[in-house]
Engineer: 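Can you keep this structure in mind? I'll have questions shortly.
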Amino acid sequence: MTEFTYIFNLEEAVKSLHDFEKDKYLFLDTEVAVKSFKEIDFFSDKVRLIQLGNAEKIYIYDMFLIPEFAKYLKEILEKKGVVGHNLKFDIKFLKTNFDIFPQIVFDTMIASQLLSENSKEKHSLQAVTYRLTDNNIDKTQQSSAWGLRNLSEEQLEYAANDVKVLREIFPILKSRLNQINTPHKATGVVHETFGLDNAVAVVEMAFVPQLAMIELKGMPVDEKELSSMLTTVSADYQRRYIEFVRSSGVDPFSPHKVTAWLTGRLGLKLPKTQKGSLSSQDSALRKYMDIPQVRQLIEIRSEKKLLDKLKELHSHVKNGRIHSQFRQIGAPTGRMASSQPNLQNITKELRRLFKAPEGKKLIVADYSQIELRIAAEYVNDEVMIKAFSEGKDLHRFTASLILDKSYEKVSKEERQMAKAINFGLIYGISPRSLMEYARNNYGVDISLKDAQEFHKRFFDIYLSFKRWHESVNQKLSKKHSMTVYTLLGRKMTVHRFTEAVNFPIQGTGSDMLKMAVVFFGKLKKDIDASIVNLVHDEIIVEVAKEYADKAKEILSESMLRAGKILLKKVPVEFEVEIVNAWAEK
DNA sequence: TACGGTAGCTCG
DNA sequence: GTACGAGCTACCGTAC
């Protein structure tokens with residue numbers, strides 16, 4: 001049994017707050033009356049209960065009965081720290097229902113994810129509680145009818161219990177995070193309020209409310225243009241699909257029938273997939289592009305993809321905006337993942353549909369070659385650091401050294417090839433894969449012999465990269481696993497070579513982006529500017545026209561500050577532009 | 001009919 | 001000796 005007090009009287013509610021006067025932070029949870037648990041609507045669904053607790057007391061406030069209490073809660077929730085599980089959810093509802101926006105938070109879900117050594121581990125409150133305390137909490141009431149006039153004793157007991165377990169898991173998570181030494185000292189209000197010393201955790205916690213606001217704001221989209229494009233593409237696709245089936249007698253989306261037709265009727269030679277069946281993927285067909293039927297097949301497939309993406313986007317538009325969901329730690333590296341819809345893999349062609357509304361502008365900013373810069377800093381490669389310091393284009397620079405020609409004389413194609421080498425080789429790509437990678441991604445044909453030569457020359461030029469790979473290989477062959485860190489101190493135990501070399505680079509990139517977002521949130525103050533999308537090394541801000549220049553300045557300052565904290569030897573560069581649409585840079 | 005795995009494409 | 005990290009759709013085999 002959990003001790004709690006259920007409060008549905010304003011006077012009693014206000015009085016109860018005296019018990020929290022001395023606390024620096026409180027434990028919080030909310031229960032929401034939703035129309036559909038499958039499709040939670042943060043704008044129209046209503047918060048029923050707000051549970052607040054400290055070390056001694058747990059109060060359950062019935063917000064259906066005392067809505068006026070919100071203004072008192074706003075006072076303390078925006079001033080004190082708040083501990084909760086998956087607080088992005090609660091923050092969004094507190095914001096839409098009561099205009100309450102807690103910013104000093106400790107999220108136990110995020111903490112658990114940061115500590116996790118196993119990517120398959122679950123991080124629900126139930127799972128985390130079970131792992132840390134062996135206490136198996138009952139979640140059957142979670143999706144009960146929170147809109148009922150009279151809540152049952154079970155419901156109230158359940159609501160209080162979530163706060164009780166928060167109280168138990170918080171100190172365990174905090175102390176485990178504090179046991180990890182991070183190269184940068186934790187500072188700021190989150191560090192001070194919770195006694196949280198882990199710099200990565202401090203950044204992640206400060207990021208939670210920022211992400212909540214990004215989701216609520218949504219990405220602006222030109223609904224009219226999206227609809228008309230959908231109509232046009234749909235008609236064109238149907239016409240071409242029918243024509244293709246009529247002339248070839250084959251369904252272009254049945255891999256089995258397509259490969260049989262390509263090899264049998266057209267006499268093509270096709271590579272095998274991993275499981276041994278014939279592959280008809282575009283990269284395998286590219287060399288047969290001069291055969292009209294093959295070209296038509298490729299075009300139909302690509303138009304179908306376009307059509308599907310248009311449909312997906314269209315289905316998510318609400319009042320001219322798309323409110324995608326972000327998982328804050330979508331990958332172990334700290335990168336986010338976006339879904340419903342994924343706004344992180346929108347093609348260049350479709351980016352023009354994302355337009356600032358009337359009277360607004362978009363600011364599109366992205367770090368330049370950030371992973372290479374991070375890699376140079378991380379392995380402390382003098383040659384690469386020098387090249388970056390001199391403001392050289394690294395792809396051109398690599399090409400000039402590998403091909404042994406002057407920097408100025410490197411052709412566009414040679415630069416493209418070096419780009420493939422730079423990105424591939426810092427992660428230990430093999431010569432064979434390099435050859436395929438260069439062809440598939442950069443349209444550059446090189447022989448296996450050339451690939452082997454370039455592979456060797458890359459490591460001869462960038463000696464620290466060679467030493468890095470050797471050292472990782474050595475450690476992994478000695479033991480089954482090794483622990484790797486980002487430049488901020490994000491930690492992971494890895495078992496494979498590729499993970500060991502990728503994690504610090506990609507992870508530092510996400511550290512940097514999250515820090516930049518946190519800085520922007522602090523610096524922008526009252527300017528009417530909101531982040532509307534994040535794509536790994538890119539920040540997109542929507543801002544009122546008159547503040548566009550100011551917001552651009554603040555965004556630049558934020559990105560620079562984040563970059564300079566993590567990169568001491570390599571200069572940070574980024575592009576920032578004020579635009580109407582999220583079109584090509 | 002529902003679910004899980006794979007292939008193939010998009011992005012950084 | 002090995003590029004890495006995601007999401008979404010379609011297909012296909014398996015379980016109910």
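Sequence lines set the chain letters: A, B, ... in the order given, protein chains first and strands last, and positions in each chain run from 1.
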Engineer: Apply side-chain contact (heavy atoms from CB on, under 4.5 Å) to A/Lys122 and list each qualifying residue two or more places apart in sequence or on a separate chain.
Structural biologist: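 side-chain contact (heavy atoms from CB on, under 4.5 Å) check on A/Lys122 returns A/Ala127.
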Engineer: Using the side-chain contact (heavy atoms from CB on, under 4.5 Å) criterion, which residues pair with A/Ile461? Sequence neighbours excluded.
Structural biologist: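 A/Ile461: side-chain contact (heavy atoms from CB on, under 4.5 Å) contacts with A/Val383, A/Leu401, A/Ile402.
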Engineer: For the pair made of CG in A/Leu307 and P in B/dC9, what is the distance, rounded to whole Å?
Structural biologist: 17 Å
Engineer: Holding to side-chain hydrogen bond (donor to acceptor under 3.5 Å, both in side chains), I want the full list of residues that pass it with A/Ser510, two or more places apart in sequence or in another chain.
Structural biologist: none
Engineer: Identify whether any heavy atom of A/Lys309 sits under 4.0 Å from a base atom; if not, whether one sits that close to sugar-phosphate; answer base, sugar-phosphate or nothing.
Structural biologist: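 No contact at all - A/Lys309 keeps every heavy atom at 4.0 Å or more from the nucleic acid.
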Engineer: Going by salt bridge (Lys or Arg N to Asp or Glu O under 4.0 Å), name the pairs with one or both residues in residues 321-340 of chain A, residues two or more places apart or in two chains.
Structural biologist: A/Arg321-A/Glu542, A/Arg335-A/Glu371
Engineer: Measure the distance from CD1 on A/Ile346 to C1' on B/dG12 and round it to the nearest whole Å.
Structural biologist: 13 Å
Engineer: With a 4.0 angstrom cut-off to heavy atoms of chain A, pull out the first and last contacting nucleotide of DNA chain C, in 5'-to-3' order.
Structural biologist: C/dG1 to C/dC11
Engineer: By salt bridge (charged side-chain N to carboxylate O under 4.0 Å, His left out), which residues pair with A/Glu312, not counting sequence neighbours?
Structural biologist: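 A/Glu312 satisfies salt bridge (charged side-chain N to carboxylate O under 4.0 Å, His left out) with A/Lys309 only.
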Engineer: Which residues satisfy the side-chain hydrogen bond (donor to acceptor under 3.5 Å, both in side chains) test with A/Asp537, sequence neighbours excluded?
Structural biologist: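 A/Asp537: no side-chain hydrogen bond (donor to acceptor under 3.5 Å, both in side chains) contacts found.
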Engineer: Looking at DNA chain C, which of residues 327-341 of chain A put a heavy atom within less than 4.0 Å of it?
Structural biologist: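 Contacting residues: A/Arg327, A/Gly330, A/Ala331, A/Pro332, A/Arg335, A/Ala337, A/Ser338, A/Ser339, A/Gln340.
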Engineer: Considering residues at least two apart in sequence or located in another chain, which fulfil the side-chain contact (heavy atoms from CB on, under 4.5 Å) criterion with A/Ser530?
Structural biologist: A/Lys217
Engineer: Could you state the atom-to-atom distance from NZ of A/Lys304 to P of B/dT10 in whole Å?
Structural biologist: 14 Å
Engineer: Could you give the CG-to-C1' distance, from A/Asn342 to B/dT10, as a whole number of Å?
Structural biologist: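 To the nearest whole Å, that distance equals 8 Å.
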Engineer: Does A/Lys568, at its NZ atom, have more than 12 non-hydrogen atoms belonging to other residues, nucleotides or ligands within less than 6.0 Å?
Structural biologist: yes
Engineer: What's A/Leu434 touching, base or sugar-phosphate or nothing? Going by heavy atoms closer than 4.0 Å.
Structural biologist: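 Result for A/Leu434 = nothing.
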Engineer: Once you round it to whole Å, what is the distance between P of B/dG12 and CG of A/Asn502?
Structural biologist: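 Answer to the nearest Å: 16 Å.
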Engineer: Using atom CD1 of A/Ile298 as one end and atom C1' of B/dC9 as the other, report the distance to the nearest whole Å.
Structural biologist: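 The distance from CD1 of A/Ile298 to C1' of B/dC9 comes to 13 Å, rounded to the nearest Å.
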Engineer: Output the rounded distance in Å from CG (A/Leu297) to P (B/dC9).
Structural biologist: 10 Å
Engineer: Report the residues that fulfil salt bridge (charged side-chain N to carboxylate O under 4.0 Å, His left out) with A/Arg352, sequence neighbours left out, ordered by chain and then residue number.
Structural biologist: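 A/Arg352: salt bridge (charged side-chain N to carboxylate O under 4.0 Å, His left out) contacts with A/Glu225.
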Engineer: Let me check I have this right: for DNA chain C, each base becomes ., (, ), [, ] or |, based on Watson-Crick or G-U pairs with both distances under 3.5 Å. What is the full string?
Structural biologist: ...||||||||||||.
Engineer: Just to verify, what does A/Val518 make a side-chain contact (heavy atoms from CB on, under 4.5 Å) with, not counting sequence neighbours?
Structural biologist: A/Ala206, A/Phe207, A/Lys522
Engineer: Check the side chains of A/Thr398 and A/Asn422 for a donor-acceptor pair under 3.5 angstrom, ignoring hydrogens and angles.
Structural biologist: yes
Engineer: Taking atom C1' of B/dC11 as reference, at what distance in whole Å does atom CG of A/Asn345 sit?
Structural biologist: 5 Å
